[in-house]
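All values below come from the heavy atoms of this structure, side chains included, with hydrogens, waters and symmetry mates left out. For this chain, numbers begin at 1 and follow the sequence in order.
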Amino acid sequence: MAKGDANALAKEFPDLVRSKADLAPFTIFKVGGPVELFAQPTGIKDLSALVKAAGEFGIPVMQSSATEPPLEEVAKRAPDAHKIFQLYVRGDDDFVDDYYKRSQKAGYAPQFCFTVDLAHYSRRERDVVKRYSRWSGRNQQEHEIQSSLDWALIERFKKRNPEAQVIIKGIQTAEDAQICIDSGITGIYVTNHGGRALDHARGAMDILPEVVDVVKGRATIIVDGAFYRATDVLKAIALGANAVGIGRLYCYALAAAGRPGIVRMLELLEDEMRRDLGLMGCESIAKLDSSYVCKMAPVKVADVFSAYPLAGIEHEPY
């Protein structure tokens, strides 16, 4: 989020007199609904509890190639969950094809996601302070391959695997979104990698409107980046996102109570969304549009826990 402004839910004349009994049944959180919430890829080391919880509640999970256990094991532990695989390209065409074929054999969705916004690792000073090296277990060749990813590799992959529905994760400009459209990409994933890649990069919600303007409904638009409350999700949907990713939110729930904690978090988020839509006088998620969002000055400086002002969580600055 930019320091100078923020997004607020508002409408000049909200339709508050409409009967709230007409609120349409919720399908947003369920696989196959018109808009989907999903568990975005993160670096947690064991996906088992997350995938089981997501499968139980009915939202998709996007698994990163940087997480464990291997995709085949995840599929065994949660066979009914809707799983999408996301790849960091650290090998040649055979390396990429192997991951795609393994994912399909294991029952993952036909969507296959390439991360393109991490050609170089940023200097993550929290990792430096903790003496954590992101390069442990990796070699220089993997770094060189990841930094050389280009559209030619994506095009070769599509020609070899025409049935694959390609998602490009890391889109941050309208120009790159247009390249995705010209290249026949199925999903355009707007993200700034959690704000941990390029310092001072724009937030995903600042980027989203220009991407929506370019795409014009020709591809699925996915967004993530600090979505903690239902109002956050509603803003993204109103501005044109088709799918909204949560990451740190399920990490909090996982740390608090494991798999049941994630399920409960999703139940609370769904309840919040129902209440918020009713208070907005909007009887259907499909009727949200940009007229429900306006710019306003932030009421406080945002931090990692500012979505929960009553929690009283004190923490050291980063």
Side-chain angles (χ1 to χ4, degrees), residues 1-18 20 23 26 28 35 37 40 171-174 177 188-216 221-249 252 265 268-315 317-318:
M1 181 180 293
K3 290 184 179 179
D5 53 43
N7 291 302
L9 288 171
K11 203 169 178 65
E12 187 174 0
F13 298 106
D15 301 323
L16 297 179
V17 297
R18 183 171 292 121
K20 303 310 176 291
L23 192 64
F26 243 38
I28 178 172
V35 184
L37 187 82
Q40 70 187 61
I171 298 303
Q172 299 181 29
T173 66
I188 296 174
Y189 195 146
V190 177
T191 177
N192 68 1
H193 217 98
R196 300 190 303 149
L198 178 63
D199 201 11
H200 300 282
R202 291 185 299 164
M205 287 291 282
D206 288 329
I207 302 165
L208 180 61
E210 69 181 61
V211 171
V212 171
D213 287 344
V214 166
V215 173
K216 293 181 172 60
I221 298 177
I222 305 165
V223 66
D224 73 24
F227 289 92
Y228 295 139
R229 307 304 295 250
T231 44
D232 299 332
V233 177
L234 292 175
K235 292 172 193 176
I237 296 168
L239 291 178
N242 303 115
V244 179
I246 56 170
R248 187 172 284 158
L249 186 56
Y252 290 159
M265 174 272 293
L268 291 171
L269 198 57
E270 181 175 26
D271 179 67
E272 276 190 16
M273 191 167 293
R274 289 180 182 275
R275 295 171 186 269
D276 294 342
L277 280 174
L279 289 168
M280 292 164 62
C282 185
E283 79 274 16
S284 170
I285 201 85
K287 292 190 176 182
L288 285 175
D289 58 34
S290 60
S291 68
Y292 282 91
V293 182
C294 67
K295 290 286 186 180
M296 65 170 289
V299 296
K300 63 174 291 185
V301 176
D303 66 36
V304 70
F305 295 121
S306 58
Y308 311 102
L310 300 183
I313 301 173
E314 296 183 2
H315 64 94
Y318 291 139

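Separating the CZ atom in Phe305 from the CD1 atom in Ile313 is a distance of 4.5 Å, to the nearest 0.5 Å. A distance of 9.0 Å separates CG of Asp271 from CG of Asp276, quoted to the nearest 0.5 Å. Thr231 contributes atom OG1, which lies 8.5 Å from atom CE of Met273 (distance to the nearest 0.5 angstrom). We find the CG-SG distance between Leu234 and Cys282 to be 8.5 Å, quoted to the nearest 0.5 Å. Once rounded to the nearest 0.5 Å, the distance linking OG of Ser290 with CD1 of Ile237 reads 14.0 Å.
For Ile188 against Ala177, the heavy-atom pair with the smallest separation is CD1-O, 3.8 Å. For the residue pair Ala204 and Asn192, the shortest heavy atom distance occurs at N-ND2, 4.5 Å. Listed here is the closest heavy atom pair of Val214 and Ala174: CG2-CB, 3.6 Å. Nearest heavy atom pair, residue Ala236 against residue Leu208, reads O-CD2, 3.7 Å. The minimum heavy-atom distance between Ala238 and Val293, with the atom names listed, is CB-CG2, 3.7 Å.
Contact check for Ile221 versus Val211: side-chain heavy atoms found under the 4.5 Å cut-off. No side-chain heavy atom of Phe227 sits less than 4.5 Å from a side-chain heavy atom of Lys235. A heavy-atom distance below 4.5 Å is not found between the side chains of Gln40 and Val244. By the 4.5 Å heavy-atom criterion applied to side chains, Leu239 and Val212 are not counted as neighbours. Looking only at side-chain heavy atoms (C-beta outward), Ile171 and Ile207 stay at 4.5 Å or farther from each other. You'll find the side chain of Val190 stays beyond 4.5 Å of the side chain of Gln172, heavy atoms only. You'll find the side chain of Met265 reaches within 4.5 Å of the side chain of Leu249, heavy atoms only.
For Leu268, the side-chain contact (heavy atoms from CB on, under 4.5 Å) test picks out Arg264, with sequence neighbours left out. Among residues two or more places apart in sequence or in another chain, the side chain to side chain donor-acceptor pair (under 3.5 Å) test is passed with Tyr252 by none.
Taking a cutoff of 4.0 Å between a charged side-chain nitrogen and a carboxylate oxygen, Asp206 and Lys295 qualify as a salt bridge. Salt bridge annotation for Arg202-Glu210: present, with a cationic side-chain nitrogen under 4.0 angstrom from a carboxylate oxygen.
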Inset, instruction - Kindly indicate, with the supporting measurements, whether the criterion side-chain hydrogen bond (donor to acceptor under 3.5 Å, both in side chains) is fulfilled by Thr191 and Asp224. - result: CA-CA 6 Å; Thr191 177; Asp224 73 24; 2.7 Å; yes
Inset, instruction - For Ile246 and Leu37, run side-chain contact (heavy atoms from CB on, under 4.5 Å): C-alpha distance rounded to whole Å, both residues' side-chain angles, the deciding distance at 0.1 Å, then the answer. - result: CA-CA 7 Å; Ile246 56 170; Leu37 187 82; 3.9 Å; yes
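Side-chain contact of Tyr308 with Arg229: a donor-acceptor pair under 3.5 Å is absent, judged by distance alone.
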